[in-house]
Amino acid sequence: MQTINGWLFDIYPNETGLTLWLIGEDGQRHRFFQDFSATVYAAGPSARLRALWRSLREQPVPVRLSRAERTDVFQGKTVTLAVEVQQPARLDELFRTMTAAFPDLTWYDGDISLALRHAAAFGVFPLARCVVELRGEKIASLTPLDTPWDLEPVPAPLRVLSLEPDCDPAHWEPRALIVSYERVRYSLPLEKTIPLLIGLAADLRRYDPDVILTSWGDTWLLPRLMQLCNESGMRLPLNRDESQALVERKEHTYFSYGQIVYRGRQVQLRGRWHLDRHNAMLWNDYGLAGVLEMARVTRQPVQDAARLSPGTGISSMQFVTALQKDILIPWHKNQAETPKTVLELMRSDMGGMVYQPTIGLHRDVGGIDFISMYPGIMVKFNISPEVKRAGPPQSLQPAPGDPGIIPLTLAPLLKKRLALKQALLTLPRWDCRRPVYQALASAHKWLLVTCFGYLGYKNARFGRIEAHEAVTAYGREALLRAKEAAEDLDFEILHMYVDGLWVHKEGCKTPADFQTLLADVTERTGLPISLDGVYHWVVFLPSRLDERVPVANRYFGVFQDGSIKVRGIEARRRDTAPFIAETQMSIMEILARAGDAEHLKDVYPRALSFADSEMKALRAGRVPLEKLLVSQKLSRELGEYSSPSPAARAVRQLEAAGKLVRPGQRVRFLFTLGKPGVQAWDVAQQPDPRCVDVKRYQALLTRAVETVLDPIRQSINAGKKEESWDLFPVFPRVSLAPAPPGGD
DNA sequence: TACAGTCGGGG
DNA sequence: GTGTACGACTGTA
């Protein structure tokens, strides 16, 4: 028997069992095989289960049958027929046949991927460090040496080869491919097919990368290479396992978090990973470290983790918990989505606690947040679909008994996130672990957020609306207790929003001045809370439609470390032209240089004149057209628009030029003079700079400047009382006159 | 003024 | 392999 240590790299089914790839500590890439069986469960009347038993005896896929008692989270202990399928590759086919023949039975675990089953069975995950015992090429035992929850796992020595065209193939025709790895970098002309394929094949064999990192590899490059191979009859060893075909995932569009999301097609490799940075979910935010972390904690294979959708990641984690705890995973609930009743609509108003902020500028403000409030509540108070609630939320008492499936799943993730946050607080600014920790923490963030949403989702396997409501009820209670704590310590509450509050007290200017409050809130709620920071000053903005009305989520401010926090205003919106957003940010940076609020009056003139110079640049045509592009996400098919929004008109131009834009994709356009008022960007001909509707951009800029400068000016003037001759100047207003009727 | 369409925030 | 929230705001007619 031979033993090898290494990092688990890839797993997929072959004809008889599983193929596993291991990056050995010896530097070799090993391919092994493993026997593996997958079990599905059926429950129902015993006569029907006996009939199923008989029918399974008479079909060709080898199965082992037994009677098993398992837990259904909604029904409790349940007697089932366990069907152990010994050829994992044939599971899907057999499951389809069984459910078609016995649709009246209740099915469990049928649609759980082999990767998750394997992860649950052995406690492994992508890039887990393992000890493997071998008999020949067969795995006799597989033991993990680390867990997904380690903060500093021994990193796998991945070989990464990057491959990208010399321009964006959606808009231009690339002429060359740029190949780079380690210190090698060169380009291959695309028109010379044979040398291109020979060169690439040679590098793939010589360097034998673990990861092929591409730009537009899913949508353009790999399909193109496959096509070139077909035409020329040459082979390109993209897969490390050359016995396997490339795996293609189709493009699709889906709804998530109230908006439509578009995922382009994906090309996956076997024995190697292909990652397309332009098609990976939130690659920009997290990078490779984030994708790997996602794979570790969700146990999804890395290439899937790269484009994981909301819900799938957290569901995967729940499924692994369920498999390990012998909890049955219902086969997808076939409940049709029923329209919300009036009662439910009213209930939805009772989500998070919102308190109207006090409009205007405030100095020396503590921003305090519960850390991952909703997940923290689920863990602390044991909220899970199968757990009976004890008292009312006002008691802030955990439900009794063993932790349910949701807390079990979330607890280690939450603990790791808190540990990362803690480490980030203490690590010095220059520490190279900082960006990595940041990426990991961000990757966890949305898994945790989504878990809460999933509790309230009817089609989630472990969802239950009562549990969802319990979470928000605890949340409101916790925030109220925080408010009481602050008031008992004589803090003034300026604003509260779901899981955060903004407080002020004369003389409290440093983080230390808020420690008593933090400790008190933790004491009263049992939930971790942290100081987001102490603002030198923060502005809560009024509604645009009625300046007497505050809005909860439009504010900006400057922390004592000089960093700026912005919510809801133009600079935060992805449909704001970069020129407008950057100008607004720059103005806030000028204001931030004031340090404390007393010195805002010193920097205000500078901010005003900066805004003015940007306005002049705009009028003089010195702003590059790219900076004026507005980008909006298409929410539906072009034909489904009932009103010709600017985005819809831009899409019409694109489609006229033969460019299809799918719902969920973004469309970029300029505001232009005359009809139709917009000019789509991603078409062949560049717009004439003279067509730009400068007036409209002036109005947009004016608005963005006023958003940040008006409250500052008002606050300075308020300090000056009646000296009206000394009023600070207003930014000259440019507004759009209503378009003349007819026009054209 | 009404309406249709897009966005943020949660983090 | 997907959560169809809510409220603010903008653009169009």
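As judged by a 4.0 angstrom heavy-atom cut-off over every strand, A:Val498 is placed among residues making no nucleic acid contact. Using a 4.0 Å heavy-atom cutoff across all strands shown, A:Leu455 reaches no nucleic acid atom at all. Using a 4.0 Å heavy-atom cutoff across all strands shown, A:Ser543 reaches sugar-phosphate atoms only and no base atom.
A:Lys633 places its NZ atom 14 Å from the C1' atom of C:dT4, with the value rounded to the nearest Å. For A:Asp575 and C:dT10, the CG to P distance is 10 Å, given to the nearest whole Å. Between the CZ atom of A:Phe669 and the C1' atom of C:dT10 there is a distance of 11 Å, rounded to whole Å. Here the C1' atom of nucleotide C:dG11 and the NZ atom of A:Lys695 are 18 Å apart, to the nearest Å. Counting to the nearest Å, the P atom of C:dC9 and the CD1 atom of A:Ile569 are 12 Å from each other. Rounded to whole angstrom, the span from the NZ atom of A:Lys675 across to the P atom of C:dT12 amounts to 9 Å. One atom, OH of A:Tyr497, and another, P of C:dC6, lie 13 Å apart when rounded to the nearest Å. Across the protein-nucleic acid pair, A:Lys445 atom NZ and B:dG9 atom P stand 11 Å apart, rounded to whole Å.
Residue A:Tyr641 places at least one side-chain N or O closer than 4.0 Å to OP1 or OP2 of B:dT6. A close approach under 4.0 Å does not occur between any side-chain nitrogen or oxygen of A:Arg703 and OP1 or OP2 of C:dC9. Between A:Ser643 and C:dT12, a side-chain N or O to OP1/OP2 separation shorter than 4.0 Å is absent. In this structure, A:Arg572 does not reach the C:dA8 phosphate: none of its side-chain N or O atoms is under 4.0 Å from OP1 or OP2. At the phosphate of C:dA8, neither OP1 nor OP2 sits under 4.0 Å from any side-chain N or O atom of A:Arg554. Dashed line: the shortest gap from a side-chain N or O of A:Arg544 to OP1 or OP2 of C:dA8 is not under 4.0 Å. Residue A:Ser642 places no side-chain N or O under 4.0 Å from the OP1 or OP2 atom of B:dC3. Not one side-chain nitrogen or oxygen of A:Arg573 sits closer than 4.0 Å to the OP1 or OP2 atom of B:dT6.
With distances taken from any side-chain atom of A:Asn553 to the nucleotides B:dG10, B:dA4, B:dT6, the minimum falls on B:dG10. Proximity note for A:Arg574 (side chain, C-beta onward) versus C:dA8, B:dG8, C:dA13: the nearest is B:dG8. Across B:dG10, C:dG11, B:dC7, the shortest atom-to-atom separation from the side chain of A:Gln632 is found for B:dC7. Residue A:Arg666 places its side chain closer to B:dC7 than to any other of C:dT10, B:dC7, B:dG10.
Rounded to the nearest Å, the gap between the P atom of B:dG8 and that of C:dG1 is 27 Å. Nucleotides C:dG3 and B:dG10, compared at atom C1', are 13 Å apart to the nearest Å.
For A:Phe452 and A:His468, the ring centers sit closer than 6.0 Å to each other. Taking the ring centroids of A:Trp502 and A:Tyr497, they lie at or beyond the 6.0 Å cut-off.
Atoms CZ and CD1, on A:Phe319 and A:Ile314 in that order, are 11.0 Å from each other to the nearest 0.5 Å.
Of the nucleotides present, none pairs with C:dT4 by Watson-Crick or G-U wobble criteria with both distances under 3.5 Å. If you check B:dG5 for Watson-Crick or wobble pairing at under 3.5 angstrom, you find it paired to C:dC9.
A salt bridge links A:Asp111 with A:Arg461; the closest basic N to acidic carboxylate O contact falls under 4.0 Å. Using a 4.0 Å cut-off between charged side-chain N and carboxylate O, A:Asp218 and A:Arg249 make no salt bridge.
With 3.5 Å as the limit, one finds a donor-acceptor pair spanning the side chains of A:Ser384 and A:Glu386.
Place A:Asp546 and A:Val678 on DNA chain C by their nearest nucleotides, and A:Asp546 ends up nearer the 5' end.
Remark: side-chain polar atoms of A:Tyr697 are not paired, donor with acceptor, to backbone N or O of A:Leu618 under 3.5 angstrom.
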